[in-house]
Asks: 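I have a structure here, written as structure tokens, and I will follow up with some questions on it.
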Protein chains: 2
Amino acid sequence: MNNKKIQEERIKGYFIEATKNIIKSEGISNVSTRNIANEAGYSYATLYNYFKDVKELVFYCVQDFQEEGEIFILGKVKELSFGKERIKSISQAYVDFFLEYPNYFELFYLERLSDVSSTKQIAHLITSFLDRMSKADWEYCIKNNIYTRENAEQIKSQLNFAINGALLIYLNRKTPESYTEFLQVVEKLINGILD
Amino acid sequence: MNNKKIQEERIKGYFIEATKNIIKSEGISNVSTRNIANEAGYSYATLYNYFKDVKELVFYCVQDFQEEGEIFILGKVKELSFGKERIKSISQAYVDFFLEYPNYFELFYLERLSDVSSTKQIAHLITSFLDRMSKADWEYCIKNNIYTRENAEQIKSQLNFAINGALLIYLNRKTPESYTEFLQVVEKLINGILD
DNA sequence: ACAAACATATTAACACTGTTAATTATATTT
DNA sequence: AAATATAATTAACAGTGTTAATATGTTTGT
């Protein structure tokens with residue numbers, strides 16, 4: 001009974017790993033059942049013994065990619081102490097992460113959700129990512145009267161929406177046109193919201 | 001020479017009209033060459049005599065949908081006079097428009113662009129939509145010292161990113177879960193940015 | 001009026017896609 | 001070793017976008 005579960009999880013893991021590799025290297029538009037199965041070393045139909053559909057499988061990658069993101073972001077702010085400046089740096093690093101891995105942004109925000117049960121949790125995982133990364137800093141700011149709790153909630157929400165909106169428009173609508181221009185826009189945006 | 005151009009534009013129009021109808025009623029995921037051609041009264045391959053690919057055709061709909069949006073938004077703010085409150089109402093109406101026609105938001109922001117030449121103009125049309133709708137109000141505010149020009153640019157940018165980010169997360173990630181909750185979030189967001 | 005040239009529309013075909021059912025292969029249990 | 005359960009595979013279906021070859025209609029020159 002337990003062995004069966006372990007083996008099942010292992011095989012699921014092979015499919016997830018294969019999917020991750022394809023998203024990482026070729027982007028989500030190149031993800032297909034045949035493609036995944038080939039990379040995983042199975043036939044394409046085997047996938048359906050372990051996942052409801054290919055969308056469910058694809059969204060299983062979110063968790064792992066987010067762990068990558070956490071490491072990426074924390075690596076960029078590790079020598080900073082809690083506070084407003086660290087929130088700025090985390091926000092900046094969050095943008096940098098998706099600039100370096102635009103395929104992840106596609107998965108996180110652009111890909112249509114499936115109607116499977118786990119969807120809600122994944123969606124929550126995604127939308128609370130930035131907040132989670134800067135949680136301690138916000139608490140610090142509130143405790144030190146830099147922001148009121150109410151004020152903090154408001155600004156946090158603004159920041160999250162604005163940053164993801166900016167990424168959406170840059171990555172999916174190529175506006176502004178140049179990379180450096182976008183970096184300037186983001187910097188102004190973050191400072192404008194937090195100050 | 002001119003007749004030919006006229007006829008060509010007419011037939012293009014039939015395809016665009018067909019595509020618009022499908023997007024409107026069934027959503028962008030149900031758009032297909034066969035589907036469009038059937039609605040337009042042609043064979044699916046005929047499409048390629050008039051458009052480089054189906055994505056080019058699909059993005060031709062943006063202009064018409066935006067005109068719908070303009071009418072929708074202006075209809076909701078027509079008795080207001082220029083100023084900050086009108087910017088708020090326009091922003092609110094902008095959100096309302098995409099809440100009523102989420103398929104349009106998908107096309108405007110979620111659909112992957114083609115690499116055809118006209119892409120850049122369409123992308124610009126999309127990303128400057130909200131700014132265009134409130135252009136006169138911003139000028140009014142600057143002239144009346146409600147905002148400095150620099151300040152206005154900053155806030156306009158924040159507003160645009162945040163609103164589209166909020167729509168992205170609500171429409172594509174179902175966060176927050178309820179409609180009414182989202183309306184509250186948006187109202188707070190708009191007020192928070194503009195005040 | 002007729003044939004040649006051109007423009008346009010259609011069908012057939014290709015290489016894909018996700019998904020399901022039937023079939024085969026592999027373990028497991030009796 | 002035989003019977004049973006489990007898992008993986010192939011075949012098939014109904015789609016997709018796109019292209020090439022074919023058929024149709026229109027215009028032009030003789």
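Letters go in sequence order (proteins before strands), and every chain restarts at 1.
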Asks: Taking B:R112 first and then A:E111, would you say they form a salt bridge - that is, a charged N and a carboxylate O separated by under 4.0 Å?
Replies: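 A salt bridge links B:R112 with A:E111.
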Asks: Can you tell me how far apart NZ (A:K84) and CG (A:L194) are? Round to the nearest 0.5 Å.
Replies: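 Answer rounded to 0.5 Å: 7.0 Å.
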Asks: What's the spacing between A:N38 CG and A:T33 OG1 if we round to 0.5 Å?
Replies: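 So the gap between those two atoms works out to 11.0 Å.
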Asks: Polar atoms only, N or O, under 3.5 Å: list the protein pairs with nucleotides 12-14 of chain C and their distances.
Replies:
{"from": "C:dA12", "atom 1": "N7", "to": "B:Y44", "atom 2": "OH", "distance (Å)": "3.1"}
{"from": "C:dA12", "atom 1": "N6", "to": "B:Y44", "atom 2": "OH", "distance (Å)": "3.3"}
{"from": "C:dA13", "atom 1": "N6", "to": "B:R34", "atom 2": "NH2", "distance (Å)": "3.4"}

Asks: Side-chain N or O of B:S43 versus OP1/OP2 of C:dA9: is the shortest distance under 4.0 Å?
Replies: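 So the side-chain polar atoms of B:S43 never come under 4.0 Å of the phosphate oxygens OP1 or OP2 of C:dA9.
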Asks: Check residues 126-136 of chain B and write down every donor-acceptor pair under 3.5 Å in which the side-chain atom is one partner and the other belongs to a residue at least two apart or another chain.
Replies:
{"from": "B:T127", "atom 1": "OG1", "to": "B:A123", "atom 2": "O", "distance (Å)": "3.1"}
{"from": "B:T127", "atom 1": "OG1", "to": "B:H124", "atom 2": "O", "distance (Å)": "3.4"}
{"from": "B:S128", "atom 1": "OG", "to": "B:H124", "atom 2": "O", "distance (Å)": "2.7"}
{"from": "B:S128", "atom 1": "OG", "to": "B:R132", "atom 2": "NH1", "distance (Å)": "2.8"}
{"from": "B:R132", "atom 1": "NH1", "to": "B:L125", "atom 2": "O", "distance (Å)": "3.0"}
{"from": "B:R132", "atom 1": "NH2", "to": "B:Q66", "atom 2": "OE1", "distance (Å)": "2.5"}
{"from": "B:S134", "atom 1": "OG", "to": "B:L130", "atom 2": "O", "distance (Å)": "3.0"}
{"from": "B:S134", "atom 1": "OG", "to": "B:W138", "atom 2": "NE1", "distance (Å)": "3.4"}

Asks: With a 4.0 Å cut-off on N to O distance, would you call A:R34 and A:E39 a salt bridge?
Replies: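 No.
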Asks: Could you check whether B:K12 makes a cation-pi contact with B:F51, meaning its NZ or CZ is under 6.0 Å from the centre of the six-membered ring and within 45° of the ring axis?
Replies: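 Checked: cation-pi criterion met.
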Asks: Among residues 12-33 of chain A, which residues get a heavy atom nearer than 4.0 Å to DNA chain C?
Replies: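 Going residue by residue through residues 12-33 of chain A, the ones with a heavy atom under 4.0 Å of DNA chain C turn out to be A:V31, A:S32, A:T33.
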Asks: Can you tell me which residue among B:N164, B:V186, B:I190, B:L99 is in a side-chain contact (heavy atoms from CB on, under 4.5 Å) with B:Y94?
Replies: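 Of the listed residues B:N164, B:V186, B:I190, B:L99, the side-chain contact (heavy atoms from CB on, under 4.5 Å) partner of B:Y94 is B:N164.
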Asks: Quick one: list whatever passes salt bridge (Lys or Arg N to Asp or Glu O under 4.0 Å) with A:E70, sequence neighbours left out.
Replies: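 So A:E70 forms no salt bridge (Lys or Arg N to Asp or Glu O under 4.0 Å) with any residue.
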Asks: Give the rounded distance in Å between these two atoms: CD1 of B:I6 and C1' of C:dA7.
Replies: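 To the nearest whole Å, that distance equals 17 Å.
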Asks: Quick test of your reading: applying ring pair (Phe, Tyr, Trp, His ring centres under 6.0 Å), list the pairs with at least one residue in residues 154-177 of chain A, sequence neighbours left out, ordered by first then second residue.
Replies: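 Listed by first then second residue: A:Y170-A:F182.
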Asks: Measure the acute angle between the ring planes of A:F108 and A:F98, then classify it against the limits of 30° and 60° as parallel, tilted or perpendicular.
Replies: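 Rings of A:F108 and A:F98: perpendicular, as their planes differ by over 60°.
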Asks: Among residues 47-64 of chain A, which residues get a heavy atom nearer than 4.0 Å to DNA chain C?
Replies: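 A:Y48, A:D53, A:V54 - these, ordered by number, are the residues of the stretch whose heavy atoms sit under 4.0 Å from the strand.
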Asks: B:Q7 CD to D:dG25 P: how many Å, rounded?
Replies: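 To the nearest whole Å, that distance equals 16 Å.
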Asks: From CD1 of A:I36 over to P of C:dC16, roughly how many Å is that when rounded to an integer?
Replies: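 Checked: the CD1 to P distance equals 16 Å.
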